[in-house]
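Following: one structure in structure tokens, then a few remarks.
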Amino acid sequence: MDMTWVEVDTKAILHNVKEARRMLGRGVKICAIIKDNAYGHGLIPIAKILQKGGVECLGIGDISEAIELRKNGIKLPVLNIVSAFPFQAKDIVSYGISQSVSDLGIVRELDKEAKKQKTTAKVHIEIDTGMGRLGLTSENFEDFFSKVRKFSNIKVEGVFTHLSSADDNPSYTWKQISDFEYASFLVPESIIKHVLNSSGVINFSGAGFDMVRPGLMIYGLHLDKKEEKVVKLKPALSWKTKVLFVKNCKKGSSISYGNTYRTKKDTKIAVLGVGYGSGYNRLLSNSGEVLISGKKYPVAGRVCMDLIMTDLGKSSKVKAGDTAVLIGKSKNNIISAEELAAKCKTIPYEIICAIKKDVKRVYV
Ligand SMILES: *Cc1c(COP(=O)(O)O)cnc(C)c1O
């Protein structure tokens, strides 16, 4: 029995893909982003579910993830949305990965490698319209594009940009979208254009383009509460642990490191088998909550490496071996990743990505 584990609702993933599809125009392809262990949901199982769910492409952020996909029989197009180093060209070509590019160095290497392997390398050129991260400026794009097209063994498969604030800044986002349209105006129709991330799909679905790159929404999470009014997504991930020990404590007992929690009256304290070592954020000390049999209990005292404590109250029937929910539903109650993110002053992305890889993932 594992002390802590993640359950992934595969139907929720398929529902969310369908919702994304419903919001978009006909013929818009979905490149589901599964970087960073599919946002903590497990790379290979999620890739298989998405393949079954009919997405057209999978987006990853590291060549090693792409290789893992190929070694596990995933046949879908795979796009690396992050720049690669020239030494990775061989793997990129031999595993048939589409590579995003922002400079000629990697393009040259891919061309050389593709010639060697008697094939073509597929690239997607990134334009930086205001994200301020990877990509060429709009002014440099045209020149770069014509240079890349001269390589005999390179195929420009796509041109794209990334939105920086589609969740909360419509005017900036529209500016990014129109700058992208302007910069890529002369790109032939056979080359796919893609712009929208999850918040883009939800708030700017009309902009569409040929393909979209949703990540967070595939997993049923929102960056902003008002998005819940636009689309009903189902969170796929639950995180659970077991009660290891329950004890009676007298009023005034101190709980965990630093004695930051003192029981206000005689009570029962439960010790649970999870901690920051598994990715449960230490900022949830004295602020997080857990669900046991549908009831919410506060995290009492500091989060330890492998353990947390919770105050059950005097008359609780909770016992060792009971299941506690850290993220997810229990009867009619729920703790969302968004809620934990707010408590940790971060975004839901970080809460779910933080769950360590060695925490078992179960697919239901
Ligand atoms: C992470 C990422 C996405 C997906 O973003 P979400 O907000 O999770 O939808 C799309 N495109 C690029 C380039 C990314 O880095």
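Whatever order the structure lists them in is the order used to number ligands and atoms, beginning at 1. Heavy atoms only: backbone and side chains are in, while hydrogens, waters and symmetry mates are out.
- Contact atoms of ligand 1 toward P214: 9 (O) (distance under 4.0 Å to a heavy atom of the residue).
- A donor and an acceptor atom, one from each side chain of D311 and Y261, are located under 3.5 Å apart.
- Heavy-atom contacts of I81 reach the following atoms of ligand 1: 2 (C), 12 (C), 13 (C), 14 (C), 15 (O) (cutoff under 4.0 Å).
- Among the atoms of Y349, some N or O lies under 3.5 angstrom from an N or O of ligand 1.
- Using a distance-only test at 3.5 Å, with no hydrogens or angles considered, a donor-acceptor pair links the side chain of N16 to the main chain of A12.
- Neither L134 nor M131 shares a network with the other; the hydrophobic side chains, linked directly or stepwise wherever heavy atoms of I, L, V, M, F, W or Y lie under 4.5 Å apart, form separate groups for each.
- Taking 4.0 Å as the cut-off, R133 counts as a neighbour of ligand 1 on heavy-atom distance.
- Side chain to side chain, S238 and E7 fail the donor-acceptor criterion of an N or O pair below 3.5 Å.
- Only the side chain of K35 comes within contact range of ligand 1, with a heavy atom under 4.0 Å; no backbone atom does.
- Inspection of the S171 and N169 side chains reveals an N or O donor paired with an N or O acceptor under 3.5 Å.
- Scanning all protein heavy atoms for the shortest distance to atom 9 (O) of ligand 1 gives S198 OG, 2.5 Å.
- At a heavy-atom distance under 4.0 Å, atoms from both the backbone and the side chain of R213 approach ligand 1.
- Side chains of T129 and T161: a donor-acceptor N/O pair is present below 3.5 angstrom, by distance only.
- Between the D128 side chain and the G130 main chain, a donor and an acceptor come within less than 3.5 Å of each other.
- For N197, heavy-atom contacts with ligand 1 shorter than 4.0 Å involve the backbone as well as the side chain.
- Ring geometry for F204 versus W174: interplanar angle over 60°, hence perpendicular rather than tilted (30 to 60°).
- Closest to atom 8 (O) of ligand 1 among all protein heavy atoms lies Y39 OH, 2.6 Å.
- If you number the atoms of ligand 1 from 1 as listed, the ones under 4.0 Å from a heavy atom of I33 come out as 3 (C), 4 (C), 10 (C).
- With respect to atom 12 (C) of ligand 1, the closest heavy atom belonging to the protein is H162 CE1, 3.3 Å.
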Apply side-chain contact (heavy atoms from CB on, under 4.5 Å) to the pair H41 and I218, showing each step before the final yes or no. CA-CA 11 Å; H41 293 63; I218 300 289; over 6 Å; no
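- Close N/O approach between L216 and ligand 1 is found [any backbone or side-chain N/O within under 3.5 Å].
- For ligand 1, the polar-atom distance check against G215 finds a nitrogen or oxygen pair separated by under 3.5 Å.
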